[in-house]
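These numbers come from a predicted model, not from an experiment. Below, chain A is the first sequence line, B the second, and so on; all start at residue 1. Reckoned from all heavy atoms, side chains included, excluding hydrogens, waters and symmetry mates.
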Amino acid sequence: EDKVVQSPLSLVVHEGDTVTLNCSYEVTNFRSLLWYKQEKKAPTFLFMLTSSGIEKKSGRLSSILDKKELFSILNITATQTGDSAIYLCAVDAGGTSYGKLTFGQGTILTVHP
Amino acid sequence: GAGVSQSPRYKVAKRGQDVALRCDPISGHVSLFWYQQALGQGPEFLTYFQNEAQLDKSGLPSDRFFAERPEGSVSTLKIQRTQQEDSAVYLCASSLGLGRGHTDTQYFGPGTRLTVL
């Protein structure tokens, strides 16, 4: 059975701190890994990773994939209160042509002023 | 529209009632997904449509759950005889549906929070 595990489950930091969120997976026929940010509304897309070792960056957020060790990390530097959210990791296990996603449990990030 | 919309945003039902949840995908998106997100958990796949065809319903938890997308655009998820364990956020997502061996980004709606009393 496909499995995605995120850690930590929750994290409390202060503004300006740097955080690293982890996502490990055990799936057949890996195709891609995606990160989403979920506030009190729609999960919003952050990154899609398909190749090992290539960092994706967007402002203060960055992510990288290790397909040998089967994990990904999401880094957020200089955190702000607006970064407080649930961060979801999902994997397209490639079992279907349409990209059914298997999600992790999510990491709840709280950034205090 | 600009994004995926869902309605209602909140629904409270008494146990045993039927409910219908609506999803308006991004215009032109071929693929539509429904997910169920229980409190403190990640979303779990329920069902998938390619245009009007329901190609995968392997995640529907029971035969009380039914989904349709009759004209290949708007979709409705219906839950009959609701139970307390159906309480969750129901998320809809759509994607271009290009397939061909790569992942299309799924764009999510805000969800419908269903509470069954």
Determine, stepwise, if the pair Leu91(B) / Gln38(A) fulfils side chain to side chain contact (heavy atoms under 4.5 Å, CB included). CA-CA 12 Å; Leu91(B) 294 167; Gln38(A) 185 176 30; 4.2 Å; yes
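- Residues Phe49(B) and Phe45(B) do not share a hydrophobic cluster, defined by chaining ILVMFWY side chains whose heavy atoms lie under 4.5 Å apart.
- When all heavy atoms of Leu88(A) and Gly42(B) are compared, the closest pair comes out as CD2-CA, 4.2 Å.
- Counted within 6.0 Å of CD on Glu85(B), heavy atoms from surrounding residues, nucleotides or ligands total more than 12; the atom is thus considered enclosed.
- Transitive grouping of hydrophobic side chains (ILVMFWY, heavy atoms separated by less than 4.5 Å) keeps Trp35(A) and Ile64(A) in distinct clusters.
- Looking at every heavy atom in both residues, Lys40(A) comes nearest to Arg9(B) through O-NH2, 3.9 Å.
- Around atom CD of Glu26(A), no more than 12 heavy atoms belonging to other residues, nucleotides or ligands sit under 6.0 Å away.
- For Arg15(B), the CZ atom counts as loosely surrounded, since its 6.0 Å shell holds 12 or fewer non-hydrogen atoms of other residues, nucleotides or ligands.
- If you take CG on Leu101(A) and OH on Tyr35(B), they are separated by 4.0 Å, rounding to the nearest 0.5 Å.
- For chain A, the nearby part of Ser58(B) is the side chain; its heavy atoms alone come within less than 4.5 Å.
- Note: the hydrophobic cluster containing Leu74(A) also contains Leu65(A) (ILVMFWY, side chain heavy atoms under 4.5 Å, direct or indirect links).
- The structure places CD of Gln106(B) at 9.0 Å from CE of Met48(A), a figure rounded to the nearest 0.5 Å.
- Between chain A and the options Glu44(B), Arg113(B), Gln41(B), the largest number of non-hydrogen pairs under 4.5 Å is found for Gln41(B).
- Of all non-hydrogen atoms in Pro43(A) and Gly109(B), the two that sit nearest each other are CD-O, 3.9 Å.
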